[in-house]
Amino acid sequence: AQSVTQPDIHITVSEGASLELRCNYSYGATPYLFWYVQSPGQGLQLLLKYFSGDTLVQGIKGFEAEFKRSQSSFNLRKPSVHWSDAAEYFCAVGPPTGFQKLVFGTGTRLLVSP
Amino acid sequence: DTAVSQTPKYLVTQMGNDKSIKCEQNLGHDTMYWYKQDSKKFLKIMFSYNNKELIINETVPNRFSPKSPDKAHLNLHINSLELGDSAVYFCASSQALRGNIDTQYFGPGTRLTVL
């Protein structure tokens, strides 16, 4: 069965420090991979996505993610966190073919301390 | 300009009532979705429509009935509301249905509370 694991429920990072959010997936084939961010009371906004090609993907707001096939991982990183990055982050996978049915992880809440 | 909009933003109702949530997208997309986010923030797809045709129907009670009057609108009607229906419901849309997967754009969500 397809699944996405985000092992960290909460992460607290000091403002200006680097960030890495973990995402592991279980899928029959290499899926399409996404990171979404949900600010309090808001909908989900796409940060970045991986379909194929370069395994290091750049996204909006200074985020990047690296796809590692051998580890079935797609970790999200940011070199310097800003207070406005405090939000819930969701990793998701989608099928490379067939109907677009995203499977989401349970999310990681990022807290930014001053 | 809101790309994907939902109304209402908050909905509080009694058990047993029937309610509807509306969704509209002005992106010209062909495909729309409904997701449910539970109290633990777990997000799961419920339905998907493409050009007014039901494409994905996950294991959802038949008290939930999506309706798509045109490809820009996908409404969700819920009959005989239960406590467990309390959640945030997100509408989303995307251009492509299959093959080249496309970004899904999400609405702001509707927080449904059943008392």
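Chain naming here is simple, since letters A, B, ... match the order of the sequence lines and numbering starts at 1 in each.
- The minimum heavy-atom distance linking Phe104(A) with Phe42(B) is given by the pair O-CE1, 3.7 Å.
- Ile78(B) and Leu115(B) are not part of a single hydrophobic cluster, where members link through side-chain heavy atoms under 4.5 Å apart.
- In terms of heavy-atom proximity, Phe90(B) sits nearest to Gln38(A) at CZ-NE2, 3.1 Å.
- When the shell of 6.0 Å around CG of Leu27(B) is examined, it contains more than 12 heavy atoms from other residues, nucleotides or ligands.
- Enclosure of atom NZ in Lys71(B) by more than 12 non-hydrogen atoms of other residues, nucleotides or ligands within 6.0 angstrom is indicated.
- With a 4.5 Å cut-off on non-hydrogen atoms, Glu88(A) touches chain B through its side chain but not through its backbone.
- Comparing Val103(A), Leu44(A), Leu46(A) by how many heavy-atom pairs each has under 4.5 Å with chain B, the most go to Leu44(A).
- The two residues Gln104(B) and Tyr36(A) come nearest to each other via the heavy atoms O-OH, 3.0 Å.
- Leu76(B) and Tyr10(B) fall into different hydrophobic clusters, defined by Ile, Leu, Val, Met, Phe, Trp and Tyr side-chain heavy atoms under 4.5 Å apart, directly or through other members.
- With sequence neighbours excluded, no residue forms a side chain to side chain donor-acceptor pair (under 3.5 Å) with Gln2(A).
- Interface remark: Lys40(B) contributes backbone atoms only to the contact with chain A (heavy atom separation under 4.5 Å).
- Residues Val60(B) and Leu54(B) fall within the same hydrophobic cluster, defined by Ile, Leu, Val, Met, Phe, Trp and Tyr side chains chained together at heavy-atom separations under 4.5 Å.
- Residue Lys44(B) does not touch chain A at all, counting heavy-atom pairs closer than 4.5 Å.
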